[in-house]
Novice: 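The structure under discussion is supplied below as structure tokens; questions concerning it will follow.
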Amino acid sequence: MNKKFELPLCDQCHSRIHSVFGDLKDSDVKSLNENKCGNIYKKGQVLFYEGNKPTGLFCVNKGKIKTYRINADGKEQIIRLAKEGDVLGYSSLISGDLYSSSAAVIEDAIICYIPRNVFLNLLDSNTTFSMKMIRLLSHDLKSSEDRVVNLAQNTVRERLAETLLMLEEFGGTENDGKTLRTSLSREEIANIVGTATETTIRLLSEFRSDGLIELEGKRIKIVNRGLLLKAANVED
DNA sequence: TGTCAGCAGGCTTGCCACGT
DNA sequence: ACGTGGCAAGCCTGCTGACA
């Protein structure tokens, strides 16, 4: 059981400002606030499972979440990472389909839950909000297309380099500006890249030998961003 | 409260197999 | 030949419970 805590108010929520709910009218914010509920989640806890019926929208107030699918061999493929201000489960809510992926906490989190009818009413009544959701879905579609091409055409080395750069952007860095602020295990990094854990570890060691990164236990420090960009085969 | 042993899970490396 | 994945074994680290 999660311990009781003071649920963040929507009108004072810093994460909401940077989310799709950022520009809502006061009356809509009030409605959200009255109808939402929320909870503290510990690392590893699951928000929803692939194949379940969506009953509401998850809004990340604090912490980090992964969405993933499990393939026939039981191997996990991480599809997306979400942080403060991101929302989860909207595409299934809008389409009326079952969840196409599962979501689990990778860094202790506070998650608000907005019931399905509240979200759909907002979509119906607020054109600006609807347009925001359309833009978000379009962006998701483009990301998925990019990912398919990436998995099909890039080597594991390129994908790992790109993933490290993505993690730098997603989680930021510590005070030194170089060490990735991520609590992901080697296995989880491999599940983003779409390769085996051993291959990921081998390539990380290779990157270290080549002077792209430094490894301090689990921590990864990007020491030569230019070389990493080159390894990822992408423009800065 | 601090220390220590035991344990589990994660990390790393070597070796081998397989496909291109 | 090269890139990649899988398995196995050893090492490392963090957590937990027992004990002084």
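Order of the sequence lines fixes the chain letters, A, B, ..., with proteins taken first and strands second; residue numbering starts at 1 for each chain. Excluded from the calculations below are hydrogen atoms, water molecules and symmetry mates; all remaining heavy atoms, backbone and side chain alike, are included.
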Novice: Return the set of residues passing side-chain hydrogen bond (donor to acceptor under 3.5 Å, both in side chains) with N117(A) (not counting sequence neighbours), or none when no residue passes.
Specialist: none
Novice: Roughly, in whole Å, what's the span from CZ in R219(A) to C1' in dC12(C)?
Specialist: 16 Å
Novice: Taking side chain to side chain contact (heavy atoms under 4.5 Å, CB included) as the test, write out the residues that go with V149(A), two or more places apart.
Specialist: Q153(A)
Novice: Measure CG/L160(A) against P/dT4(C) and give the value in whole Å, please.
Specialist: 11 Å
Novice: Using whole Å, what does the distance between atom C1' of nucleotide dC11(B) and atom CG of L203(A) come to?
Specialist: 15 Å
Novice: Figure out the NZ/P separation between K218(A) and dC15(C), and round it to whole Å.
Specialist: 11 Å
Novice: Please enumerate all residues that pass salt bridge (Lys or Arg N to Asp or Glu O under 4.0 Å) together with K30(A), with sequence neighbours excluded.
Specialist: E34(A)
Novice: Atom CZ of R157(A) and atom P of dG5(C): how far apart are they, to the nearest Å?
Specialist: 15 Å
Novice: Check each residue of residues 185-198 of chain A for a non-hydrogen atom within less than 4.0 Å of any atom in DNA chain C, then write out the ones that pass by number, or none.
Specialist: G194(A), T195(A), A196(A), E198(A)
Novice: Between T155(A) and dG3(C), does any side-chain N or O lie under 4.0 Å from OP1 or OP2?
Specialist: no
Novice: Tell me: NZ of K43(A) to P of dG14(C), nearest whole Å?
Specialist: 13 Å
Novice: Determine all donor-acceptor pairs shorter than 3.5 Å in which one atom belongs to a side chain in residues 52-63 of chain A; sequence neighbours excluded.
Specialist:
| unit_1 | atom_1 | unit_2 | atom_2 | d |
| --- | --- | --- | --- | --- |
| T55(A) | OG1 | Y113(A) | OH | 2.5 |

Novice: In whole angstrom, what separates L215(A)'s CG from dC12(C)'s C1'?
Specialist: 15 Å
Novice: CD of E216(A) versus P of dT13(C): gap in Å, rounded?
Specialist: 13 Å
Novice: Look at the side chain of R202(A) against the base of dG3(C) and say whether a donor-acceptor pair falls under 3.5 Å; ignore hydrogens and angles.
Specialist: no
Novice: If the condition is side-chain hydrogen bond (donor to acceptor under 3.5 Å, both in side chains), which residues does R219(A) pass it with, not counting sequence neighbours?
Specialist: E174(A)
Novice: List the atom of R69(A), the atom of S100(A), and the distance in Å for their closest heavy-atom pair.
Specialist: NE-O, 2.8 Å
